[in-house]
Amino acid sequence: MARITDRTVLIVGASSGIGAEVARLLARGANRFVITARREAELATVAKDIRAAGSACLDIPADALDPRAAAAVVAAAVEEYGSVDVALLNAGQGPDMRMDRVDVEDVSRIMALNYDVVVNYLVPLIRQLRGQPGGGLIAHTNSLAGLMGLPRQGPYSAAKAAARTLIDAARVELEPQGIRFTSLHPGFVATDRISGDGLPKPFQISTERAARHVVRALENEPAQAYFPWPTATLVRTLRTLPTPVASWALRKLAAD
């Protein structure tokens, strides 16, 4: 297995959770980091850990919902280090949302937090990587929820499905230009953000374990990476079942 060393790594959503843990793991490889998130103090803490592990780090507080801010982060990475070799787009949220209790603004907000933030970084990254020798890797933290509409996560599932489809199309178009794409599909991960949302979380894994899965995917660059295997197997099985049977099973899971 190849190791990621001496690379310029951009991580969006790096102040906590999977993004922060991936940064800490890759920091052992003498890489050059650009990390970004909205929370300045938390981001600075992660940057300190990266530097202590022996990697350079530029931490840039920025709102991924702002396309100009996202483009500025990419430009700053290139100005500081000359290129972006690996980008991990890790921003997003998936709260408990029942369709009989949401309004239009709720759904639009979740779409923005899980789809618009991808677009805001994807476009400037493509422009940068297409001109680089050897291209580069763009990875996106999607979700197993993006493979089918999950009850109580309908808007989140829809946003992740949209992002997955967009990246699938970009993968086909841009492969001749050396730009590679990996879509990461975790199941439930025990981040602080979702610890008290009330959703059932079968086969939940820790952020540390999820980060190890992500690092392996960044090293091996599969088109799609699904983890952990029990949740991935469950979702794949549900997708093969007749719709009435799958719907019954999903209602049972959501009610647990």
Side-chain angles (χ1 to χ4, degrees), residues 12-13 16-19 38 63-65 67 89-122 139-170 181-205 207 210 213-214 223-256:
V12 180
S16 65
I18 295 173
R38 288 180 296 175
D63 187 351
L65 286 169
L89 311 183
N90 184 63
Q93 290 185 19
D96 184 355
M97 297 186 75
R98 300 173 186 265
M99 288 306 298
D100 60 352
R101 301 179 187 177
V102 301
D103 55 30
V104 172
E105 289 76 16
D106 293 329
V107 177
S108 296
R109 177 175 174 272
I110 293 303
M111 289 298 296
L113 288 170
N114 293 282
Y115 179 77
D116 291 1
V117 296
V118 175
V119 174
N120 291 345
Y121 275 95
L122 185 63
H140 170 233
T141 305
N142 201 285
S143 172
L144 289 172
L147 303 180
M148 63 188 307
L150 297 185
R152 297 171 62 176
Q153 289 201 298
Y156 178 71
S157 293
K160 290 299 191 182
R164 173 175 54 84
T165 304
L166 180 66
I167 287 178
D168 285 349
F181 293 88
T182 291
S183 292
L184 306 157
H185 300 275
F188 292 104
V189 179
T191 61
D192 293 338
R193 177 177 54 77
I194 66 167
S195 60
D197 64 7
L199 273 170
K201 300 178 181 66
F203 310 116
Q204 180 174 253
I205 61 175
T207 54
H213 279 286
V214 171
Q224 315 286 341
Y226 309 97
F227 60 89
W229 72 263
T231 322
T233 300
L234 174 61
V235 169
R236 285 171 171 161
T237 300
L238 288 169
R239 295 180 74 196
T240 66
L241 295 175
T243 299
V245 178
S247 297
W248 174 84
L250 285 167
R251 282 193 294 272
K252 294 289 289 182
L253 286 169
D256 288 345

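A quick note: this is a predicted structure, and the numbers were derived from the prediction, not measured. Quick note: numbers below take in every heavy atom, side chains included, and nothing from hydrogens, waters or symmetry partners.
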Nearest non-hydrogen partners of H140 and A163, listed with the distance: CE1-CB, 3.6 Å
Full working for side chain to side chain contact (heavy atoms under 4.5 Å, CB included) between W248 and L241: CA-CA 11 Å; W248 174 84; L241 295 175; over 6 Å; no
Rounded distance (nearest 0.5 Å) linking atom NZ of K160 with atom CG of N114: 4.5 Å
Heavy-atom closest contact (V214 atom, F227 atom, distance): CG2-CZ, 3.9 Å
Smallest separation among heavy atoms of P228 and I205, with atom names: CG-CG2, 3.7 Å
Min side-chain heavy-atom separation D168-Q224 under 4.5 Å: yes
Greater than 12 external heavy atoms within 6.0 Å of R164's CZ: yes
CG-CD1 distance between D116 and I110, expressed to the nearest 0.5 angstrom: 11.5 Å
Pairwise side-chain contact, M99 with P155, heavy-atom cut-off 4.5 Å (strictly under): yes
Reported CG-to-NE2 distance for the pair L144 and H185, which is rounded to 0.5 angstrom: 7.5 Å
Evaluation steps, side chain to side chain contact (heavy atoms under 4.5 Å, CB included), between L166 and Y115: CA-CA 9 Å; L166 180 66; Y115 179 77; 3.7 Å; yes
Partner set under side-chain hydrogen bond (donor to acceptor under 3.5 Å, both in side chains) for S183, not counting sequence neighbours: none
Salt bridge (Lys or Arg N to Asp or Glu O under 4.0 Å) against D106, all qualifying residues, sequence neighbours excluded: none
Steps toward side chain to side chain contact (heavy atoms under 4.5 Å, CB included) verdict (L147, Y226): CA-CA 11 Å; L147 303 180; Y226 309 97; 3.7 Å; yes
Closest non-hydrogen atom pair between Y156 and Q93, with its separation: CD1-O, 2.9 Å
Distance-minimising heavy-atom pair for L89 and Y121: CD2-CB, 3.7 Å
Separation of R152 CZ from M97 CE (nearest 0.5 Å): 12.5 Å
Min side-chain heavy-atom separation L184-I18 under 4.5 Å: no
Exercise: identify the closest heavy-atom pair between N90 and G19: ND2-N, 3.2 Å
Test item: N120 side-chain N/O and A64 main-chain N/O as donor-acceptor pair under 3.5 Å: yes
